[in-house]
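What you see below is based on every heavy atom in this structure, not just the backbone, and it leaves out hydrogens, waters and symmetry mates. Worth saying up front: this structure is predicted, and the values here are computed from it rather than measured. Below, read A as the first sequence line, B as the second, and so on, with proteins coming before strands; counting in each chain starts at 1.
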There are 2 protein chains.
Amino acid sequence: MARRSDHNREELYALAMQAARDIAVHDGLKGLTARNIAKRIGYSAGTLYNLFKNLDEIALHVNAGTLDQLHDRLGEVALSGKPKKDIRQLLDAYLDFIGGNDRLWSLLFDHKLPDGTPLPDWYRARIARVLSLLEAALAPLFPEPDHPECQLSARVLWSSLHGICQLANADKLEIVSDEDTRALAHALVENYLAGLKARLG
Amino acid sequence: MARRSDHNREELYALAMQAARDIAVHDGLKGLTARNIAKRIGYSAGTLYNLFKNLDEIALHVNAGTLDQLHDRLGEVALSGKPKKDIRQLLDAYLDFIGGNDRLWSLLFDHKLPDGTPLPDWYRARIARVLSLLEAALAPLFPEPDHPECQLSARVLWSSLHGICQLANADKLEIVSDEDTRALAHALVENYLAGLKARLG
DNA sequence: TCATTTATTGAACGCTGTTCAGTTTATATA
DNA sequence: TATATAAACTGAACAGCGTTCAATAAATGA
């Protein structure tokens, strides 16, 4: 029942986002509640609704940050122009990233907007930015630089990898070890690329 | 606050399961609440807890039913012994199934047990049963009938397909049409199989 | 007929997202 | 400087959630 000047709007926004990230890292989606975030920054839950439309928006921003992190990590892989080598390196960077950020990575796919709510454009751009890294690594395989099958293959690999990691993580694949997950991911990439080469060359 | 003899335990169980399925079909996971299911069968929420340990168990049983349905549908595909042909047919059956049962299919992957809770064995068996259909179709590609890479490839295809359909469904792939989803799925299968053939033969 | 077991319920607990009247403070204006 | 306006913030409230449980009533066994 007061107005405080501890933090201005931007500071508060940053505080809330950091709190949300911290919670997501430690407790995942289930801990990401308005009252939880608010308590962590010393404000009431209602205050969050001055900064964000709703909780979904907060989750979306956390996820956008994760996509950016992933983009930066994958961006560190220096492309050699040899797709097989480059994709392998991207894959390892991807697996390392999700190994070290498993709760954030889960949130990326566990959080869903209500039915019929489209993803905002600024969020879609984050996805496209990651996909473009894959496209760049795959491009040398195709005759033209922006062959439609290049975009398609980037999406196949991205979503397939997601499926493998998600089901393996949820223990829904009748597999045993973390090594098995890596083996699945590598088999996907190796065979898919070998298939591309065989069919195109 | 009474005892009723409208239904015995088994009938009640069946009623609750059917109600849960109906709700899942129409409203997905978000509509699958104890009070919702109870209202639909004319009992109170507490009664459900005589039949099931908790809501998760109900969701698990709905999902087991969906896996059985999927298994039956895929089982209708007559295997020719030609992996490419057979896998293509299985893929089409799979895509048809999830096209006609999208909410049930989503529940299969949206619902998660609390952290650290293992899937019960009877549920894992349902997954294994579906995977074995894929293994049977892939088997002719490998020298021995139960080559380890055959099991592995079945898991790669199953989880990759899941990833493609899930991300496409959530509109997280920057794709446009349902046809694009089919194209991704077919690209996965075609290239993966071509790769297997190239590497093994 | 009476005791025991079983089925069922409604109320309750502690959560959830979200809204909002009410209050306090900062800022702009006169 | 005094006053009006705007902005920030809170606590309580609402309707919902999963789950538990004392109380009740009916069915069953003795």
* Structure fact -> Result for 5'-nearest mapping on DNA chain C, choosing between A:Arg35 and B:Thr47, is B:Thr47

* Asked: Which word best sums up how the rings of A:Trp158 and A:Phe109 line up, parallel for under 30°, tilted for 30 to 60°, or perpendicular for over 60°?
  -> tilted

* Can you check the A:Lys39 NZ to D:dT10 P distance for me, whole Å? -> 15 Å

* Asked: Can you tell me how far P of C:dA7 sits from OH of B:Tyr43, to the nearest Å?
  -> 11 Å

* Asked: Parallel, tilted or perpendicular: which fits the ring planes of A:Tyr43 and A:His7, with parallel below 30° and perpendicular above 60°?
  -> tilted

* **Value in whole Å for how far the C1' atom of C:dG17 lies from CZ of A:Phe52** => 15 Å

* Take the protein atom CG of A:Asn50 and the nucleotide atom C1' of C:dT23, then report the distance between them rounded to whole Å. => 14 Å

* To do: Mind checking B:Ile37 for me? I need base, sugar-phosphate or nothing, with any heavy atom below 4.0 Å counting as a touch.
  => nothing

* **Side-chain ion pair, B:Asp68 and B:Arg129, N-O less than 4.0 Å** => yes

* To do: Would you kindly give the CG-to-P distance between B:Asn54 and D:dC17, to the nearest whole Å?
  => 16 Å

* Asked: Rounded to whole angstroms, how far apart are NZ on A:Lys30 and C1' on C:dG17?
  -> 18 Å

* Asked: Across the strands shown, which category fits A:Leu51 at heavy-atom distances under 4.0 angstrom: base, sugar-phosphate, nothing?
  -> nothing

* Taking for each residue the nucleotide of DNA chain D with the nearest heavy atom, is it A:Ala45 or B:Gly31 whose nucleotide lies nearer the 5' end? -> A:Ala45

* So what does B:Leu48 touch, heavy atoms closer than 4.0 Å: a base, only the sugar-phosphate, or nothing? -> nothing

* To do: Take atom CG of B:Asn8 and atom C1' of C:dT5, then tell me their distance rounded to the nearest Å.
  => 17 Å

* OP1 or OP2 of C:dT16 under 4.0 Å from side-chain N/O of A:Thr33 -> yes

* **Nucleotide nearest A:Ala34 (side chain, heavy atoms from C-beta), chosen from C:dG17, D:dT19, D:dA8** => C:dG17

* Check the distance between D:dC21's P and B:Tyr49's OH and give it to me in whole angstrom. => 13 Å

* To do: Evaluate the ring planes of A:His61 and A:Tyr13, with Trp represented by its six-membered ring, and classify them as parallel (under 30°), tilted (30 to 60°) or perpendicular (over 60°).
  => perpendicular

* Please say whether more than 12 non-hydrogen atoms of neighbouring residues, nucleotides or ligands are located less than 6.0 Å from NZ in A:Lys112. => yes

* Asked: Considering only side-chain heavy atoms of A:Ser44, which listed nucleotide, C:dT8, D:dT10, D:dT19, is closest?
  -> D:dT10

